[in-house]
Structures are given as C-alpha cells and as structure tokens.
Amino acid sequence: MMNVTKPLENKLALVTGASRGIGAATAIALAEKGAHVILTARSAPALEEVEQKIFDAGGSATIAPLDLAANDAIARLAVAIGERWSALDIMVLNAGTLGTLAAVPSIDPKEFANVLTLNVSAQVALIQAFDPMLRRSPGARVIGITSSVGRKPRAYWGAYGASKAAFETLLAAYGDELAEISRVRTAIIDPGATRTKMRARAYPGEDPASVKPPEVVAARIAELAVDGFETGHWERVEG
C-alpha cells in the first residue's frame, strides 16, 4: 500500500543540475515525498548544502559531483549507481547551460559546441547509460526541462533554443520507442519564467521577485513523479 505522506518511498530518483535553482528545489521536493535522491552537479560544496537540507527535513540523498561534459563521467556514474541499486524510478534531466546570447552570425563556434555538448550530447549519454535501470523500474518517469525558445525561435536565443529543440526531439523519440515495450514514460516541462541564476544572466535588469521561485516548478515535477503521465506529456508551469 502506498504511503500517503511518502508516495515515493522506496523509489530512486536522479536529478541533474541539483546544486541550485530548479534542480535543487526538485531534489528537495522528491525527497520530501519519500524518494532517495541522487544529486549531481559540478560543485560538491553546493550539492552538500542541498543534501543537508534534505537530511534536515528527514529525507535521504546521495551526492555525486561530476561534470556531465567530461569524457566517461556519465558512464562511471551509471556503473556506480548500478552497483548499489537495481532500478532507477525517476530521472529529471535538468542540467543545462545558457551560453552567450548572440545573433546567429555572431555565435562563437567553440561556445556553441559546448552548449550542444551539455544540453544535447550529455543528455543522450544519460539516457543511454541509465536505460537498463529505467527499464527495470515498475514505472519509470523521465522528465526533461526545456525552454519556450526551443519551440518558438527568438532573436539572439538561437544557440540555446537549438539545443533545447534537439533535446526535446531526442527525449520524445526515446519515449516513443519504449511506449509499447516498457513502463518507461517521458515528459517535457517548460518551467517558464523562474527565479534562477540562468534567468538572471539572461535578463539582468529584471526584478527577481517578479517571477516565480523554483519551488513552484519543483512541486509540479514532484506531482508528475507521483501521479505519472503518458509518454509525450508536455506542459508549461505557470506562476
């Protein structure tokens, strides 16, 4: 019988970009609902702060500091997790990089390659590495965080928007491939205007208090993790 107050009890979740913003808030929200959450990001001290918040609230978590763009880092992470747990029930693909906003003719090729590496290639590597564990779950949920510019192109957002469009396509294709042969389900969430460091970089003159906090997005992601969804689910989180 499901624990009403801890509906994700005995579930394993992995959240990327979990050191701050939406990722950190999502990790905390999932832990509050009973999941054991693996936190990944580059900054170990920041991850430790999130982990401590989870512990203080009575939850459980494990930190795994790593650079998703580093060679073989994701494969090593999957091996380490697979040695301890048999299945992965929730994977939130939140990590990403904005890059520099620029007109298309002015996009720096090296920086564009870095954006594609983290926002696209690393996401594919995560899906590939954890696919066996996701398939072993009785009802795996894979939730990807996107941006409206991935569907509606906007001036100066070409590089980031292109990376998110590619990410959406790849995650949706993965979900479609497994829809009839497994219990893995995929969803894409557009958080909309949210109070994050990435948002502050993109809109330096904006009052942070004028947009919703990341906890609003995290709460919705946690709801989806509990309630489930059909593959192909897409939604924008309003404030």
Side-chain angles (χ1 to χ4, degrees), residues 1-18 23 26-41 47 50-51 54 59-66 68 70-95 120-146 167-189 218 220-234:
M1 182 180 296
M2 179 184 290
N3 185 328
V4 177
T5 59
K6 301 285 185 181
L8 296 179
E9 191 173 32
N10 299 320
K11 300 293 186 182
L12 180 67
L14 170 67
V15 180
T16 67
T26 297
I28 292 169
L30 292 172
E32 286 176 348
K33 292 191 178 296
H36 180 86
V37 187
I38 299 170
L39 317 171
T40 71
L47 286 176
V50 179
E51 181 186 41
I54 290 173
S60 64
T62 300
I63 66 168
L66 82 165
L68 292 177
N71 290 338
D72 299 326
I74 294 169
R76 291 197 302 271
L77 175 65
V79 169
I81 294 174
E83 289 176 348
R84 183 172 174 184
W85 292 278
S86 62
L88 179 61
D89 304 291
I90 303 157
M91 183 162 70
V92 180
L93 300 174
N94 166 73
V120 183
S121 299
Q123 310 307 315
V124 174
L126 283 160
I127 292 170
Q128 292 173 334
F130 287 99
D131 174 64
M133 290 187 70
L134 290 167
R135 292 187 191 227
R136 286 195 288 271
S137 168
R141 332 299 202 190
V142 182
I143 301 172
I145 307 303
T146 190
F167 169 57
E168 283 197 34
T169 298
L170 288 161
L171 181 57
Y174 172 64
D176 199 41
E177 290 157 6
L178 296 186
E180 301 299 328
I181 61 172
S182 80
R183 293 182 179 274
V184 179
R185 298 293 179 262
T186 64
I188 296 169
I189 300 300
R220 181 56 187 146
I221 293 172
E223 286 177 1
L224 287 169
V226 171
D227 298 337
F229 46 81
E230 291 300 317
T231 277
H233 180 80
W234 184 98

Any residue meeting side-chain contact (heavy atoms from CB on, under 4.5 Å) with Pro65, in chain and number order, not counting sequence neighbours: Ala44, Leu47, Ile63
Tell me, please, which residues at least two apart from [X] pass side-chain hydrogen bond (donor to acceptor under 3.5 Å, both in side chains).
X: His36; result: Ser60, Thr62
X: Ser137; result: Asp89
X: Arg185; result: none
X: Ser182; result: none

Can you tell if the side chain of [X] reaches within under 4.5 Å of the side chain of [Y], non-hydrogen atoms only?
X: Leu171; Y: Thr146; answer: no
X: Leu30; Y: Val92; answer: yes
X: Ile221; Y: Ile145; answer: yes
X: Arg141; Y: Leu224; answer: no
X: Ile188; Y: Phe167; answer: no
X: Leu134; Y: Met91; answer: yes
X: Glu223; Y: Pro7; answer: no

Which atom pair, heavy atoms only, marks the closest approach of [X] to [Y]?
X: Leu88; Y: Phe130; value: CD2-CD2, 3.8 Å
X: Ala35; Y: Ala13; value: CB-CB, 4.3 Å
X: Thr231; Y: Val184; value: OG1-O, 3.8 Å
X: Pro132; Y: Ala129; value: CD-O, 3.7 Å
X: Ala222; Y: Ala29; value: CB-CB, 4.0 Å
X: Val15; Y: Thr26; value: CG2-CG2, 4.4 Å

Drop me the distance from Leu178's CG to Arg135's CZ, to the nearest 0.5 angstrom. 4.5 Å
Rounded at 0.5 Å granularity, tell me how far CD in Gln128 sits from OH in Tyr174. 10.0 Å
How about Arg183: does its CZ atom have over 12 heavy atoms from other parts shown lying under 6.0 Å from it? no
Going by atom type alone, with no hydrogens or angles, which donor-acceptor pairs under 3.5 Å involve a side-chain atom of residues 71-82 and a protein atom two or more places apart or on another chain?
none

